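Below you'll find the structure, written out as structure tokens, and then a few comments.
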Amino acid sequence: MDADIIIRLKNVNFFYGENQALTNINMNFRKNKVTALIGPSGCGKSTLLRLLNRMNELIDATRVEGDIIFEDKNIYAPDVDPVEIRRKIGMVFQKPNPFPKTIYNNISYGPKLTGVPVDDMNALVEQSLKQAVLWDEVKDILNKSAMNLSGGQQQRLCIARALAMKPDILLMDEPTSALDPISTAKIEELIEELKKNYTIIIVTHNMQQAARISDETAFFYLGNLIEYSKTEKIFTKPDVKQTEDYITGRFG
Amino acid sequence: MHQIQASTMKWRYLQQSLFFALIRGAALIITLALGGIILYIIIHGISAISWDFITKPPTHSMTQGGIMPAILGTIYLTVGAISIGLPLGVASAIYLTEYARQGRVIRLIRVGINCLAGVPSVVFGLFGLAFFVIIFKFGSSILAGSLTLGFLILPTIIGASEEALKSVPKTFREASLALGVSKWQTIFRIVLPNALPGILTGSILGIGRAAGETAPIMFTAAAFFTSKLPGSVFDEVMALPYHIYVLATAGTNIEETRPIQYGTVLVLVALVLGINMIAIIIRAYMRRNKRW
């Protein structure tokens with residue numbers, strides 16, 4: 001199989017209590033690509049995203065079946081520590097959620113507490129903020145509270161915070177849905193830039209955004225993976241009628 | 001029908017004014033009651049207050065002299081109660097909100113805690129006597145009294161801490177966990193610091209209660225009279241609430257010691273308010289950066 005596949009899902013089912021949220025998902029995510037997960041609300045796309053870094057298990061009474069293979073290992077194997085998985089697979093949330101700490105401490109928090117040996121924390125903070133294209137705006141206020149930043153700046157700070165852990169994969173759960181159009185454009189540019197070094201999997205409600213920034217797109221409906229292919233193909237000549245109906249706005 | 005009659009408007013306005021007046025009246029009555037009590041205590045007690053009163057032990061069978069051992073005793077007992085109640089209470093709250101799976105056992109524990117809050121303080125006193133003084137052989141001592149008071153204030157601290165922990169946004173926890181920071185570290189580095197102001201509020205209430213209770217220390221820590229200061233936590237101490245009780249009901253000369261009684265009450269009230277003020281200042285300082 002291709003060497004450029006970073007995560008493989010095999011027959012994955014997921015349940016919230018009795019309710020099945022995902023049904024028999026089989027898909028491969030490619031390295032250094034942007035993959036968009038689209039579909040109407042409740043289709044399971046966010047659930048799938050949170051399966052990849054084991055954030056779903058923070059909710060009581062959830063259950064996973066099947067294999068999610070990352071680095072030749074099922075991340076749900078009993079001997080795998082979810083904390084280790086989350087260090088390698090970072091996440092950016094829907095609403096910017098910086099800690100009520102200084103900008104500097106927001107970035108240094110992860111590396112410091114997870115015991116990653118860092119030679120030069122200042123350099124790491126600078127590098128992470130530069131990668132998130134926030135450095136020029138905050139370099140003089142690193143010791144000010146992150147809560148004073150604008151929503152868009154906060155979201156880029158959250159991206160920088162995730163990047164400071166040097167993850168392999170960056171999961172983004174509707175990262176621009178709470179932001180204005182200018183901030184959204186900045187984040188999209190950033191994603192374009194980041195895919196050189198990272199694999200990005202992004203959930204979005206915004207069809208144009210998926211078309212603009214992603215290389216591959218997966219369409220979900222009612223917990224099923226309906227169609228998964230190159231973004232260009234999905235948006236120009238999808239194989240399945242449901243996909244076409246959704247992207248043309250006939251339902252959803 | 002679309003036009004509201006002028007008289008209807010007038011009636012509504014009148015109604016509103018009436019209810020505002022009632023609410024204001026209720027607030028005023030409470031303030032007056034509190035102010036009245038404090039004023040009454042100050043008027044009757046201020047004459048007894050002097051440097052000697054707060055730095056010297058009682059003399060002449062407690063009809064003269066100061067109340068220094070009782071002040072010190074109350075401070076020891078309060079600090080002791082908080083040192084026991086706060087860590088235990090916060091730890092319980094962390095377990096209940098962060099770790100425990102919500103279910104029947106947890107509900108049962110919560111009911112238990114609420115019941116504990118409703119238990120009369122004299123029952124705590126008797127429990128302390130039976131458990132700490134006799135079974136654990138601590139005797140009537142600072143240790144036994146602090147433990148008893150510590151348990152007394154536990155429900156207050158647990159309740160306030162739980163609310164404070166729950167008020168920390170879930171997104172903070174998620175952000176930290178998603179970075180690969182362990183749950184334990186997340187609680188200590190993110191959740192607890194942000195919950196601290198709320199936890200302190202609970203402690204303030206606890207401090208007030210611990211300093212003012214008589215019944216729980218009556219059998220477990222308080223001495224009728226001792227001029228010597230405690231040398232260890234196994235010694236008995238005098239305490240302000242108990243001292244007031246003694247002077248007012250069983251003193252050698254109840255009428256003659258009236259000014260001393262008022263003076264002691266004034267000192268106790270001032271002490272509790274003082275400790276509360278410190279906690280409130282610390283809380284305000286910590287809340288400065290809170291914004292979410």
Side-chain angles (χ1 to χ4, degrees), chain A residues 49-50 52-61 81-102 105-116 144-149 154-155 157-167 170-173 178, chain B residues 93-110 161-201 282-292:
Chain A
L49 195 74
R50 287 165 161 264
L52 302 180
N53 65 344
R54 295 188 61 168
M55 287 297 277
N56 273 339
E57 65 194 45
L58 301 175
I59 305 163
D60 280 352
D81 183 358
V83 167
E84 284 302 321
I85 296 297
R86 293 181 197 135
R87 282 176 203 183
K88 289 177 183 156
I89 306 182
M91 188 162 205
V92 177
F93 295 84
Q94 192 169 351
K95 258 183 76 189
N97 56 356
F99 300 124
K101 297 171 177 287
T102 64
N105 286 340
N106 260 280
I107 307 289
S108 65
Y109 175 83
K112 215 191 269 170
L113 285 194
T114 51
V116 179
K144 291 262 161 62
S145 169
M147 300 314 239
N148 296 330
L149 297 175
Q154 287 188 0
Q155 194 61 303
L157 180 70
C158 292
I159 294 173
R161 179 176 68 188
L163 293 178
M165 292 300 295
K166 303 194 185 301
L170 200 56
L171 308 175
M172 299 180 139
D173 192 358
Chain B
I94 289 176
Y95 173 72
L96 287 173
T97 54
E98 307 288 330
Y99 282 100
R101 285 206 171 235
Q102 307 303 322
R104 194 176 298 167
V105 179
I106 292 305
R107 270 211 301 282
L108 211 66
I109 293 176
R110 285 227 166 79
S161 303
E162 269 200 90
E163 285 313 309
L165 291 168
K166 277 190 214 152
S167 77
V168 177
K170 212 180 88 198
T171 55
F172 287 2
R173 294 178 174 82
E174 281 191 333
S176 176
L177 292 169
L179 286 169
V181 173
S182 68
K183 187 166 182 174
W184 168 251
Q185 286 175 312
T186 298
I187 289 168
F188 263 76
R189 296 301 188 111
I190 299 292
V191 181
L192 213 48
N194 286 302
L196 223 47
I199 291 172
L200 261 185
T201 308
I282 297 172
R283 186 180 62 182
Y285 178 78
M286 286 195 302
R287 269 193 187 156
R288 254 180 347 169
N289 293 325
K290 183 172 160 174
R291 205 184 316 151
W292 64 78

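Each chain gets a letter, A, B and so on, in the order its sequence line appears, and its residues count up from 1. Given the structure is predicted, the values throughout are model-derived calculations rather than measurements.
- Salt bridge E174(B)/R50(A): present, at least one basic N to carboxylate O contact under 4.0 Å.
- In this structure, OH in Y109(A) is found 4.5 Å from OG1 in T186(B), a value given to the nearest 0.5 Å.
- Here the CZ atom belonging to R87(A) is positioned 8.0 Å from the OG atom belonging to S182(B), to the nearest 0.5 angstrom.
- Residue K95(A) qualifies as open at atom NZ: its count of foreign heavy atoms under 6.0 Å is 12 or below.
- Using a 4.5 Å cut-off between heavy atoms, P98(A) contacts chain B through its backbone alone, with no side-chain atom that close.
- Heavy atoms only, all atoms of each residue included: P100(A) and N194(B) are closest at CG-OD1, 3.2 Å.
- For F93(A) against A175(B), the heavy-atom pair with the smallest separation is CE1-CA, 3.9 Å.
- In this structure, the portion of I89(A) lying under 4.5 Å from any heavy atom of chain B is its backbone and not its side chain.
- In this structure, chain A has heavy atoms under 4.5 Å from both the backbone and the side chain of R189(B).
- Chosen from D81(A), L113(A), L58(A), the residue pairing most often with chain B at heavy-atom distances under 4.5 Å is L113(A).
- Looking at K101(A) and I190(B), their side chains come closer than 4.5 Å, going by heavy atoms from C-beta outward.
- By the 4.5 Å heavy-atom criterion applied to side chains, R161(A) and L179(B) are counted as neighbours.
- Between the side chain of N97(A) and the backbone N or O of F172(B) there is no donor-acceptor pair closer than 3.5 Å.
- For V181(B) against G110(A), the heavy-atom pair with the smallest separation is CG2-CA, 4.4 Å.
- Looking at A61(A), the atoms closer than 4.5 Å to chain B (heavy atoms on both sides) all sit in the backbone: N, CA, C or O.
- By number of non-hydrogen pairs under 4.5 angstrom with chain B, the leading residue of R86(A), R54(A), K88(A), M165(A) is R86(A).
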